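Each chain gets a letter, A, B and so on, in the order its sequence line appears, and its residues count up from 1. These numbers come from a predicted model, not from an experiment.
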Number of protein chains: 4
Amino acid sequence: MIIIMKKGYEEQELQRVIRRVEEAGLRTHLSIGDNTAIVGVVGVPIPPELQSDLEVVGGVEEVLRVTKRYKLPSREFHPDDTRFTVRGVEIGGDEVIVIAGPCSVETHEQTLETARAIKAAGAKILRGGAFKPRTSPYEFRGLGEEGLKIMAEARDETDMPIITEVLAPADVDLVAQYTDIFQIGARNCQNYLLLEEVGKTGIPVMLKRGMSVQVEEWLMAAEYIMAQGNPNVILCERGIRTFETVTRNTFDLNAVPAVKRLSHLPIFADPSHATGKWYLVPAMSMAAVAAGADGLMIEVHPNPDHARSDGAQSLTFENFAKLMPQVDAVARAVGRHVATTAGQALVAAD
Amino acid sequence: MIIIMKKGYEEQELQRVIRRVEEAGLRTHLSIGDNTAIVGVVGVPIPPELQSDLEVVGGVEEVLRVTKRYKLPSREFHPDDTRFTVRGVEIGGDEVIVIAGPCSVETHEQTLETARAIKAAGAKILRGGAFKPRTSPYEFRGLGEEGLKIMAEARDETDMPIITEVLAPADVDLVAQYTDIFQIGARNCQNYLLLEEVGKTGIPVMLKRGMSVQVEEWLMAAEYIMAQGNPNVILCERGIRTFETVTRNTFDLNAVPAVKRLSHLPIFADPSHATGKWYLVPAMSMAAVAAGADGLMIEVHPNPDHARSDGAQSLTFENFAKLMPQVDAVARAVGRHVATTAGQALVAAD
Amino acid sequence: MIIIMKKGYEEQELQRVIRRVEEAGLRTHLSIGDNTAIVGVVGVPIPPELQSDLEVVGGVEEVLRVTKRYKLPSREFHPDDTRFTVRGVEIGGDEVIVIAGPCSVETHEQTLETARAIKAAGAKILRGGAFKPRTSPYEFRGLGEEGLKIMAEARDETDMPIITEVLAPADVDLVAQYTDIFQIGARNCQNYLLLEEVGKTGIPVMLKRGMSVQVEEWLMAAEYIMAQGNPNVILCERGIRTFETVTRNTFDLNAVPAVKRLSHLPIFADPSHATGKWYLVPAMSMAAVAAGADGLMIEVHPNPDHARSDGAQSLTFENFAKLMPQVDAVARAVGRHVATTAGQALVAAD
Amino acid sequence: MIIIMKKGYEEQELQRVIRRVEEAGLRTHLSIGDNTAIVGVVGVPIPPELQSDLEVVGGVEEVLRVTKRYKLPSREFHPDDTRFTVRGVEIGGDEVIVIAGPCSVETHEQTLETARAIKAAGAKILRGGAFKPRTSPYEFRGLGEEGLKIMAEARDETDMPIITEVLAPADVDLVAQYTDIFQIGARNCQNYLLLEEVGKTGIPVMLKRGMSVQVEEWLMAAEYIMAQGNPNVILCERGIRTFETVTRNTFDLNAVPAVKRLSHLPIFADPSHATGKWYLVPAMSMAAVAAGADGLMIEVHPNPDHARSDGAQSLTFENFAKLMPQVDAVARAVGRHVATTAGQALVAAD
C-alpha cells in the first residue's frame, strides 16, 4: 500500500498517517519530495479497513494498493531511477560503469597488474573473488581474507572501488571491512539470511540473478536487502539456465528493459558468465548496453589460459582495451557513455 | 569432408576429385574461388578410405574431415559471409535490413497503409502473414491467397520485396507465385518436408528458430534447405522457451554471435515475438543490432489494439518511425547502418 | 460455451438451441446421454447476448461459459473417459495397452521377428516408422511406402493393429491405406494442417507432446484433430526439453494425472524417447503406469546396437519380455492390468 | 582415483598406499570389506605419476582413474547401496520410508495432531519447518527455536525421528540439538558452506535437488557433505523448473533411476513440492515408488486451507491415510513395501 500526500501537506498530517499504519502493526517507508511525500507500507497482513481509514486523514491525496508482490524495488513505490555513488563512482547515472577484473584473486601481482590494465582502459570498479563457490569441493576456492587484503591494496594503489563476493552470513562482517560493494552470486540469489545480513550493513550490494530465478522473484530477493534499510542495490543479469548448450548460460537481455520498467534499481549485465566464452563477450557487452544496462561486469585476466577459474570466459588485457571504445560507441548511440582514454574513443567514433 | 584444391589446380584434377567422390555414392558441393576451389562432400556414410584416396589425387592441397554435424551452413565449408540480393535489397551486407509489417494481412487498406508508413521510416522489406499458425483452431488463421494478392499489390505500389509464411509443403507452389522470401515459422523449424520443398524453389528462405531448438539443430535444419541447392537462407532468432514468464519468450541474443562464428549465413532477429511486448521492442531491437544481427523483423500495425493477432507486440507507425533512427545510431556504432530518412538519421547521430 | 439440457427435454427444444447457435455463425457439438444432452458451441466469437438468449429457450437447464481455451478435449465438455476400440484392442479401458516395436522399419525380417516377440510378451499394438523425421538430412529417413507394406504384413501375420508416423498432409491418404493409428510426432505436435488432415480421416490418432509444448497447448492441438469430427485421439507424453542432460529428455509424468484431470482423452507414455537410455526404460515404464498412464509405447529391436535409429533407447526382446510382468504387477497395484502370458503374470504377482 | 587392494592384502601394504597418497598432498577415503579394501583418493591435483607409482606397491590389485567429477557419492567408489539407520528407521533398505508432516510448524497442537495422524497411517518420520525460506520477506518465516522444540516434543510423544530444514551455517549447531535429520532445501542445494557445516556434524542430511541443478551437479553437492566425513546423505528429487506452468515444478522422476545407476546414495522424492497441487500427489507418490524411490516426503496438514504456507499442496489426514495403502501396493509390485496398518494393506491388495 502506498499513501501519496497532497502538495503542501503538513508535517503533523504525515505523522498521523505513519502512526495509523504503525497501529496496524506495520512499518512505513518514506520518500519525501519537494512538495509531497510518499509513504510506503511495509509488512503483512494489511487490514482491509486500513485503506479507507487512511483516505480520510487530512493531507492524504490518494491511497493505492500495490498489486505487485515486491514493493521497495518497484517503480510504483519510487518512480525515479535510483542513483548512488561509491567512492566517487556514480551508479545508475548517464555513464555506463564497467566493472572488470579476474574471476579469482590468485596473487598480489596478478591482481595489481590487472587493476592497472583495466583502469587504463577505462574500467571504474575492480572485481575479484576471494571466496569462490565451486561446483566441486576439490576446486580452488579462493584465498579468503588474504585475497581481500590484496583487493584492498589494489584499491589503494589504483583508487578504484572494489567489489567482491560474500558467501555466508558469518563472513559479512569480515568482507565488510574490505569491500566497497558486496557481490551476491547467482547461487545465493535466494539465500535470504545472507541478503538480510548484507542489507543491515548499508554497504551497496550487487545482486546477481539466480540461474532459474524469474524477474519477479529477483525483485523480491532485492526486497530482502532493501527491507533492512539498504536502498543501494544493483541488479546484475548473468544468464539463466535453459536447454541451449552452445553457450554456458542464456543471456536474458530482455530482463534489462523489463526490470527498468518494473523497478527503479540500476541493472548491470555480466556477459562473461552469461556466455561462458571470451569470444562472445564483445558482441554481448555491446548488446547489453544497447538494451539499457547501467553497467557491465567483465572478467579480465593477464593470462586466461592459466586462470584458476573461468579462464575460458576471461578477456586478455589487449582484448579488453580493444572492447572499451566499442562499448563506448554503442553507449553514445543510446545517449550514454563509457569512460575511455580520449584517443581510443575518437578512433571508435570514426 | 572438405577437399581444398591447390592454387592453380587444373580442371581435370577437380573433375577427378568429383568423380572419386561420386563413385563412393556421395555428392559434391562446389565453391569455386579465383585461384582455388573447395569441394564439399554431401551424404553419408563416408568410406574410411576416401580421405587417403583423395589426398593422393593431383591438385589436392588438403582433405579435411568436418567434425560438425552440419556442413553446408558451416564456416568451415564456406569461410566468407553469405550475401545475396532480393529485388535490389542486399541481405548480409553492411546495411542492417529492417523487415516490418503486420502480423497478419487483414485488409487491403491496412496492408497498404502499413507498407507506406514503414517504407517512409526506412524499412526495406514488407512482412505480412496470409497463412497463420494459431494455437487454437478457433482463432483467425489468415486470408490465404487473398492475403497473398494484397501483399503483392503492396509490393507493386511500394517497390519493396515481400516476405510471408508458408505452412505446408502443398502450399509452396502457391506462395512461390507471390512471395520474394519464404518465411518458415518457429513451429515449422524442424518440419523437414517443408524445408525441402522451399529448398527446391530456389527462392530465399527465412528460417525462424524453433522454440526449443538448439543452435546446432537449427543449422542442421538450414542444411535441409541448402542440400536442395538453395544457398539463400536467412536465420532468424525469435526467442526460446524458458521458465521466465515476464516476457513471452526469452530472446537468446547469444545466438547471434554464436551463429556468426559457426556459420556464414546471415542472421536476423525478431524482437516482437522474442519479447511479446511492444514496449520492450525498441531496446531489444537496438540490442540485437549491437549483438551483430544482419537485420530485424518488427511487427507494425496501424492500430495494434484492434489487430487480429499479436497486437500486444506490435508498434504503431509513430513508434516505429521513432525507433528507426535509434537503431541506425546503434548500427553506426558497430560499423553498419540502417536506411532512414536523412533528417532522422542526422538527429540520431547528434 | 456449453448448454446442458434438462432431463426429459424434447427434441424440438434441442433443435431450437442448435438453430440459435448456428444463427450466431457458430457450430455445435452434441453429446447425447440417456436423459439429457450437452451441446457444445464451437467457434468464435461468441456474441455476449447468446448466453441469456439460450437460457430462456425451453428445455435448457444451464448455460455455462467454458473458461478453458480448449473445448472438445476438456472434461467440462465430456465428463467421462473416452474409450474406443482399434481392431479389437480397447484404448482407455482398464487394460494398460503396450505398444512396442522398432523405431524404424528396416527390413521385413526385422519387423516380423520383432512383431512376434513383442506379441508373445503381451504387447497389443505394433509400432514402426516408415517415414522418419531426422535432425540431419543425411541420416536414414525410413523406407516410405515399402515400410508401410512391411508393417501391414506384420499386422496380417500377428493380428495386431499397427501405428506408424505420418509427417506431411500430402502423405495422409497413403498412410491411411495401411495404418490403424496415425502417430503425430513431437516435432509435428503444432503442425496444424497435418492435425486437420488426420482429423478428417476419422482414423485414431496418437498425438505426441512437443518438446516445449505446455499441457494446455497440447490439448489445443488435440482440438484441431477433434474439431474435424475425429474423437479418437490418444495423447502421448514423451519427455520435454529442459536443462538436464543426463537423460535425452525430461519425462514429465506430472502431465499424466494433470491431463486426466483436465481432459477425458486417453494418455499414453513413451519412456524410450523420454529417457533416451534403454536401462532407464523399465523403471520409467512402471512409473508411468503408476502415474495413471493408459498405455506405454516402448522401442524394441532385435539388435539395438545395429539399429539404424535410436538404438541406445531400444530394449532387446529379452529385456522387453522381462519387463512386461513387472509392468503388469504395477498395473494391478493401481487396479488395472497388462496382458502377459499367464505364467509370467503369476510369477510377477508373487 | 581409486585403489583396489588384492584379496588377502596385508595391513602394512594398505598403510603404504595411504602414505604414498598423502605424500602427494592428497587425502584418502577407506572402504574396508571382508577380504579387500578400496582406497579413494580425495583432492586435486593428482600428479600424473601417482597411478604408476601405486600400481607397483605390494598388495595393490588395480588403480582406476575416476572419470566422473564426483567421487564419494559414485557407485565406482562404493558399489553397494548405502543404508543407515535413524532412531531405528532404516533408510535405503527394502522398506519405502514415508516422511510426512506440515510444511511449517505453526502450533504445538497442529504439529502433535499431525504427528499422531501420520504415524497411525504408517509414516515413519515427521517433517516440519521451523525456519522457512520465503520468496517474499513479508511472508511467515517459521517459529525458529520454538518450532524446533515443538518438533522435539512430537518426537518424544510419537517416537518418530524428525527432519527439519536448516538455512544458514550459523544455525547448524542449534538445529543439531533437536533434529535427527537435517533438511537442505532446494534453494540451498549449492550453498557449499552450509553443506560443509552439516557435513561436519555427522547427523544424516537430506539434500533436496536445486530447481535448476543437473544430476551431476547434485552429486557434486553431496560430495561437499561427504568430504567432511558424513556418509549419511539422502538425495531428494522435488521437481525442477521448466517452461511448464500447469504444475508448480516438473517432477523429474527420470532422476530416480539415473541417480541409482550413478550413485549408491538413497534417493527420496517429494511429490508435494514437485507438483504443487494436492490432487496430483497420490498419483505421483505411486509413480515415484515405481521409479525406485527409497522414500517419499509428503506434506500433510490438519486444515490445508488455513496452512500458513503451501496449503495448496498439502494432503488432509484423510487423504493421506487413503494414500498409504495405495503406495504400499505399488511398493509391493516392485519388491518393496510401506508400513501401513494391516487392515489397510489388505484392502489395498484386493
Side-chain angles (χ1 to χ4, degrees), chain C residues 209-219 239-262 269 271 274-277 279-293 325-335 348-350, chain D residues 209-219 239-262 269 271 274-277 279-293 325-335 348-350:
Chain C
R209 182 180 181 184
M211 279 191 283
S212 60
V213 167
Q214 294 182 325
V215 164
E216 192 187 48
E217 294 167 336
W218 191 14
L219 294 174
I240 58 174
R241 186 161 261 192
T242 73
F243 63 83
E244 178 57 77
T245 55
V246 79
T247 45
R248 181 172 175 178
N249 292 291
T250 295
F251 203 10
D252 181 13
L253 284 180
N254 276 348
V256 174
V259 162
K260 283 275 171 209
R261 191 173 173 93
L262 297 170
T275 64
K277 301 196 168 165
Y279 51 80
L280 299 178
V281 168
M284 298 318 291
S285 297
M286 290 187 276
V289 170
Q326 296 174 331
V327 172
D328 179 60
V330 173
R332 287 175 193 275
V334 295
D350 284 348
Chain D
R209 181 180 183 185
M211 278 191 284
S212 61
V213 167
Q214 295 182 324
V215 165
E216 192 187 47
E217 294 167 337
W218 191 15
L219 294 174
I240 58 174
R241 187 161 260 193
T242 73
F243 63 83
E244 179 57 76
T245 55
V246 79
T247 45
R248 180 172 177 178
N249 293 290
T250 295
F251 204 9
D252 181 13
L253 284 180
N254 275 347
V256 174
V259 161
K260 283 273 169 209
R261 191 174 173 93
L262 297 170
T275 64
K277 300 193 169 169
Y279 51 81
L280 299 178
V281 168
M284 299 316 292
S285 295
M286 290 187 276
V289 170
Q326 294 173 333
V327 171
D328 180 60
V330 172
R332 287 174 194 275
V334 297
D350 284 349

Given the rule in the side chain to side chain contact (heavy atoms under 4.5 Å, CB included) test, do D:Leu253 and C:Asn254 qualify, once you have shown the distances and angles that lead to the verdict? CA-CA 9 Å; D:Leu253 284 180; C:Asn254 276 348; over 6 Å; no
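- Using a 4.5 Å cut-off between heavy atoms, D:Val213 touches chain C through its backbone atoms (N, CA, C, O) alone.
- Residue D:Thr247 touches chain C through its side chain alone, counting heavy-atom pairs closer than 4.5 Å.
- Between D:Glu216 and C:Val246 there is no side-chain heavy-atom pair separated by less than 4.5 Å.
- Between chain D and the residues C:Met286, C:Arg241, C:Gln214, C:Lys277, the most heavy-atom pairs under 4.5 angstrom are made by C:Gln214.
- Panel note: side chain C:Glu244, backbone D:Val215; a donor-acceptor pair is recorded below 3.5 Å.
- The most heavy-atom pairs under 4.5 Å with chain D, out of C:Met284, C:Lys260, C:Glu217, come from C:Met284.
- Per-residue heavy-atom pair counts under 4.5 Å with chain C were compared for D:Pro282, D:Ser212, D:Ala331, and the maximum is reached by D:Ser212.
- Of the atoms belonging to D:Ser285, not a single heavy atom falls under 4.5 Å from chain C.
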Can you list the steps and then say if D:Phe243 with C:Ile240 is a side chain to side chain contact (heavy atoms under 4.5 Å, CB included)? CA-CA 9 Å; D:Phe243 63 83; C:Ile240 58 174; 3.9 Å; yes
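- Proximity to chain C is limited to the side chain of D:Arg261, based on heavy atoms less than 4.5 angstrom apart.
- Contact tally against chain D (heavy-atom pairs below 4.5 Å) for C:Val256, C:Thr250, C:Asn249, C:Leu262: the top residue is C:Thr250.
- Nearest heavy atom pair, residue C:Ala258 against residue D:Leu280, reads N-CD2, 3.7 Å.
- The shortest heavy-atom contact between C:Val330 and D:Ala290 is CG1-CB, 4.4 Å.
- Among the candidates D:Gly335, D:Ala283, D:Ala288, the residue making the largest number of heavy-atom pairs closer than 4.5 Å to chain C is D:Ala283.
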